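The structure under discussion appears below in the form of structure tokens.
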Amino acid sequence: MHHIIFYGLFILMITASTGVQANCRGDACVSMGSNLASVDSGQSALFGGVLSSLTGSDISFSSNESSSLAQGDVDLETLLQNIETLSGADSTAAALNSEITLSQFYAAAADAANAAGDSEAAAALSNLSAEVAGVAGTFQVGDLIALQESEGGYDGVNLNALELVSGSAEVFSGNNPVTTSEPVTISGSELGMAGVVNSVTIASQVVEPAKIVCGPEGSTFHSSSMRYSLSLDLVDTGLDMSSLLALPGIADVDASIGQLNLYVEVSRAEGVIQSIDALNQAVTINAVPGVTDMYLGQFPEGAFFDTSVSLDPALLDFSTIGSVTVTELSGTATTVSIQAKSSAQGEQSFADTLVFNGPYPETQRSSTSADAGSQLLDSLMSSLVLQLSPEDLGLLNDQVLVAVQDASSNTLPPILSSVLTGIVDPMMESMGTSIGEVDTTVHAVRQVCNFSGLVYHDLNHDYINNTGDGLCNEALYVKLVSSDTPAGPALAVATVEPATGQYTFTTASTGSYSLVLDTNSNPNDVASTAPAGWLHMESEDGVQPFLLQANGATEGGPNFGLYHGSTLSGFVFEDNGAGVANAHDGVFLDDEAGLDGIVVKLTDFPAAATGPLDEVITQGGGAYRFWIPAGAGGSVLAVVQANRENYRSIGASVGNTGGTYDLAQDHISFGRENGKRYESVDFGDVKTSALYSDNQRTSVAGSPIFYPHVFTAGSEGDIAFEIRSDSVSQESWQSMLYRDRNCDAQLDASEAIIVEPVNVQADEKLCVIMKIFVPLTAPADARHVDTLQATFTYSNTTVDTAHLVNNVTTVGASDSPGLALLKEVEQPTALPGETLVYTVRYENQGAGDLAALEIHDSTPAYTVFSSAQCVDTQADLTCEVSEQPGVGDSGRITWKVIGLVPPGTSGVVRFSVVVQ
């Protein structure tokens with residue numbers, strides 16, 4: 001269809017806007033925490049216990065669930081979108097600062113794990129969401145995940161599920177300390193340490209939660225800072241006190257270690273993004289592991305949970321770790337407690353430079369030393385102080401204490417080592433920290449860019465922001481929509497500044513987007529709406545594709561033009577039913593040809609005395625377009641077209657104007673509205689038909705005479721012929737019309753009389769011959785006129801036109817010459833600048849010779865002379881052009897035939913003219 005071809009080219013033209021160069025920087029998503037490949041049953045029990053302590057709930061995990069979380073992926077983009085939905089926020093930044101419950105967060109993370117294709121992690125998160133459903137209190141996700149930028153998508157960025165679970169619990173605990181301080185007891189069998197530990201009671205306290213960051217160079221991030229209190233009920237381990245049996249009066253000494261009261265505090269590990277090469281996907285990070293301190297003894301009640309109080313060794317008091325019983329020979333037995341206190345500070349950490357090259361996520365480990373745990377235990381043992389309480393052994397007290405110290409130096413280290421490796425380190429790792437080590441994970445590296453665009457009033461409707469264009473002075477917004485989620489929500493919304501028309505996205509990720517111009521800032525509404533009375537220009541739907549590349553190059557246009565008013569477009573075409581179209585229906589289809597160079601006017605209706613509001617000329621393919629400014633003209637307008645010469649109007653389509661078409665006036669009138677895009681306002685024209693030519697001949701009574709004619713059809717229709725006679729004499733003249741099928745101007749025996757209307761197609765030539773019989777009684781010099789009327793009715797319409805030619809027959813004497821002239825034109829119509837060729841055939845149809853024969857003609861109206869010549873002359877005759885105008889002028893043309901023209905002799909002359 002012509003419509004599709006035209007508008008397709010038109011849209012291609014206006015959307016091929018020049019892009020802008022964006023300013024770009026690197027951006028990386030980074031976190032710190034233990035990266036566990038799997039979790040055994042003991043670690044799972046510890047993880048559940050610490051989480052229960054932090055959240056004030058009862059959480060239990062299977063080792064499979066814990067491993068699923070440790071290895072699980074959560075799609076950050078989906079997580080952020082889910083949090084926006086949960087919180088009712090209108091942007092990512094607002095959502096991160098909104099309050100949500102733990103249950104809501106874990107449910108949102110479960111959905112995001114499914115989006116990352118990790119169904120096992122999703123199931124574990126869903127179960128966790130159900131287990132904390134009754135936990136009161138809220139937290140802000142922004143305290144866990146810091147986004148240095150909030151525009152552009154995080155699609156494809158996955159975070160570790162275990163880090164999100166532990167980190168969210170840490171943030172929640174920090175926000176809700178009153179409800180999350182209950183200790184949790186775990187049996188030794190659950191920990192896989194039944195031969196060493198009967199049970200352990202754990203209390204945990206968040207000093208500072210972990211921070212995950214997505215940001216540029218210089219962005220900082222860190223692991224959590226935590227305090228743990230462990231009250232261990234040990235399987236009793238006896239001490240070797242045999243050295244005391246040699247003392248006088250001692251019958252037996254029995255001593256054992258059965259409990260430990262330990263405190264562990266780990267400071268946060270810290271990292272900073274030193275450099276980002278986003279094009280090469282390389283990141284350099286400085287990482288510093290946290291310092292782990294350990295205490296054996298008893299801190300004052302409340303000091304451990306008060307993060308404003310430093311855990312100073314000076315505050316540490318003795319706690320009971322076991323007992324000793326001395327039995328004298330007299331049978332008297334005395335039992336006292338073995339008490340201990342000790343502190344050990346971890347080794348000072350130093351920055352470690354890590355270089356990441358992907359693929360991502362990529363994890364690297366930093367360590368203070370290979371045996372940080374052993375060094376911590378050695379330090380704890382070296383500062384160990386023991387005492388007996390109460391000091392009821394009298395003179396034996398010092399000797400027993402020495403023996404206990406000697407025995408403990410051998411017995412206590414393996415117990416502490418088992419507790420450290422079997423409980424303390426797994427517990428810390430499940431919460432993202434470990435002794436002397438830290439894992440740094442780069443989850444993704446992206447290019448983040450800023451770019452700006454303009455929204456302007458396209459006053460001259462050329463789809464370009466020119467100096468003369470203005471501002472719209474409307475409240476407008478531009479929305480950034482990812483091509484991966486075209487249904488929204490928008491990743492970001494930028495406000496168009498009224499004073500400048502500029503909007504800016506400061507931190508958009510590289511990728512493919514749609515830019516949506518709208519009248520509201522709702523990110524969930526991604527269908528563009530123009531202000532009332534305005535039209536979108538660069539794209540008719542107000543949406544433009546936009547590609548932001550890693551090198552800062554862009555494709556697509558960031559500018560939006562608006563036009564205050566309406567536009568009206570259509571075609572003027574030849575409505576002749578070419579191809580499979582219906583003729584004369586006013587509908588422009590298929591192979592019907594558009595007419596260029598046609599004047600189309602836009603006027604008030606009825607037309608104002610001031611003349612048209614606008615006037616255009618149809619271009620190639622017959623297309624035209626009006627731009628109608630707001631306030632121009634009245635409430636009712638009309639579109640009027642002027643016919644090309646040798647054409648006439650036949651029909652029209654009012655398109656989507658809701659107007660009416662008046663064929664007689666050849667205009668479409670409609671009620672105008674601003675902000676409308678009126679289309680398919682089409683005018684159907686057809687070529688005018690023509691009937692050729694008038695004839696004048698002399699004949700004798702009692703003889704037939706033949707007059708050839710040609711009807712050239714401008715379009716499809718039916719021709720009805722009628723012959724009307726006018727004679728100055730009373731004789732009965734006979735006239736009949738035949739179809740000259742071979743168009744040779746000769747009546748053949750097979751050619752029949754025309755009695756019914758004849759159907760013709762566009763540009764078809766219909767040849768006819770009028771046969772007139774001159775009555776025998778016709779007197780000499782009698783004059784008879786036969787008028788041939790061809791009434792042409794256009795198919796599918798009631799529109800018709802009448803065409804007339806005259807055949808004049810003069811009766812001569814039986815022996816008089818009878819000159820017959822037949823004038824024909826090669827083609828009935830021509831465009832300006834084209835040539836028409838006329839041929840005049842002369843014949844002596846009389847009984848005598850013709851002498852001094854002259855043939856006269858003249859240039860038709862709206863033409864100028866080109867040439868004239870004699871074409872076919874009898875051998876014994878001479879023909880010459882005796883009179884003619886100059887080339888390019890108009891006037892008479894005369895041919896002279898010198899010599900006598902006998903009966904039956906004929907010849908041909910010709911002249912050419914150029915249509916003006």
Side-chain angles (χ1 to χ4, degrees), residues 6-22 450-481 490 492-505 508 513-521 525-548 554-570 602 613-614 616 619 623-633 656 672-679:
F6 173 77
Y7 283 112
L9 294 174
F10 189 70
I11 292 171
L12 177 63
M13 175 189 73
I14 65 175
T15 56
S17 306
T18 302
V20 296
Q21 185 70 28
N450 67 73
F451 67 92
S452 299
L454 291 173
V455 180
Y456 63 97
H457 186 184
D458 194 0
L459 288 168
N460 63 351
H461 41 79
D462 64 351
Y463 307 95
I464 300 173
N465 181 35
N466 300 304
T467 303
D469 289 329
L471 299 173
C472 300
N473 297 317
E474 299 278 349
L476 294 168
Y477 306 87
V478 177
K479 300 173 182 179
L480 188 70
V481 180
V493 181
T495 301
V496 178
E497 294 296 331
T500 62
Q502 181 171 301
Y503 69 90
T504 301
F505 290 102
Y513 300 97
S514 291
L515 297 175
V516 179
L517 181 64
D518 212 343
T519 54
N520 66 70
S521 59
D525 175 13
V526 293
S528 175
T529 301
W534 294 75
L535 290 175
H536 292 299
M537 294 299 291
E538 273 82 354
S539 60
E540 292 187 5
D541 61 356
V543 179
Q544 294 200 66
F546 187 75
L547 177 64
L548 183 56
T554 64
E555 293 180 14
N559 291 347
F560 290 88
L562 290 170
Y563 181 77
H564 196 197
S566 297
T567 182
L568 184 147
S569 62
L602 181 70
L613 301 172
D614 198 2
V616 296
Q619 303 301 307
Y624 73 92
R625 180 181 291 273
F626 288 109
W627 293 95
I628 312 170
N656 60 346
R672 62 88 56 81
E673 293 183 58
N674 291 327
K676 293 291 185 180
R677 205 175 293 274
Y678 298 115
E679 298 175 329

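Since this is a predicted model, take the numbers as computed values, not measurements.
With values rounded to the nearest 0.5 angstrom, Asn465 atom CG is found 12.0 Å from Met537 atom CE. The structure places CZ of Arg677 at 4.0 Å from CD of Glu540, a figure rounded to the nearest 0.5 Å. Between the CG atom in Asn674 and the CD1 atom in Ile628 there is a gap of 9.0 Å [rounded to 0.5 Å]. Here the NZ-OG1 distance, from Lys676 to Thr567, works out to 13.5 Å after rounding to the nearest 0.5 Å.
For the pair Leu476/Tyr503, no side-chain contact is recorded, criterion being any heavy-atom separation below 4.5 Å from C-beta on. Contact of the Thr519 side chain with the Trp534 side chain is not registered, since no non-hydrogen atoms from C-beta on lie closer than 4.5 Å. Looking at Asn656 and Tyr678, their side chains come closer than 4.5 Å, going by heavy atoms from C-beta outward. Put simply, the side chain of Leu517 reaches to within 4.5 Å of the side chain of Leu562, judged on heavy atoms. With contacts defined as side-chain heavy-atom distances shorter than 4.5 Å, the pair Phe451/Thr554 does not qualify. In this structure, the side chains of Ser521 and Thr495 stay at 4.5 Å or more apart for every pair of heavy atoms.
Side chain of Ser569 to backbone of Arg625: no donor-acceptor contact under 3.5 angstrom is found. Between the side chain of Tyr624 and the backbone N or O of Leu568, no donor-acceptor pair lies under 3.5 Å. Side chain of Glu497 to main chain of Gln502: no donor-acceptor pair is present (N/O by atom type, distance under 3.5 Å, no hydrogens or angles).
Minimum interatomic distance between Asp541 and Ser528 (heavy atoms only, all atoms of both residues): O-CB, 3.1 Å. The two residues Val543 and Ser514 have their closest heavy-atom pair at CG1-CB, 3.8 Å. Of all the heavy atoms in Gly633 and Leu613, the pair that sits closest is CA-CD1, 3.8 Å. Between Leu515 and Leu480 the shortest heavy-atom distance is CD2-CD1, 3.6 Å. Taking both residues in full, the closest heavy atoms of Ala499 and Leu471 are given as O-CD1, 3.4 Å, listed atom of the first, atom of the second, then distance. Considering all non-hydrogen atoms of both residues, Ser452 and Thr504 come closest at OG-OG1, 2.9 Å.
Residues satisfying the ring pair (Phe, Tyr, Trp, His ring centres under 6.0 Å) criterion with Tyr477, sequence neighbours excluded, are absent altogether. Under the salt bridge (charged side-chain N to carboxylate O under 4.0 Å, His left out) criterion, Asp614 pairs with no residue at all, not counting sequence neighbours. When the side chain to side chain contact (heavy atoms under 4.5 Å, CB included) test is applied to Asp518, the partners found at least two apart in sequence or on another chain are Lys479, Asn520, Asp525, Thr529.
The aromatic rings of Tyr563 and His461 lie perpendicular to each other, with more than 60° between the two planes, well past the 30° mark.
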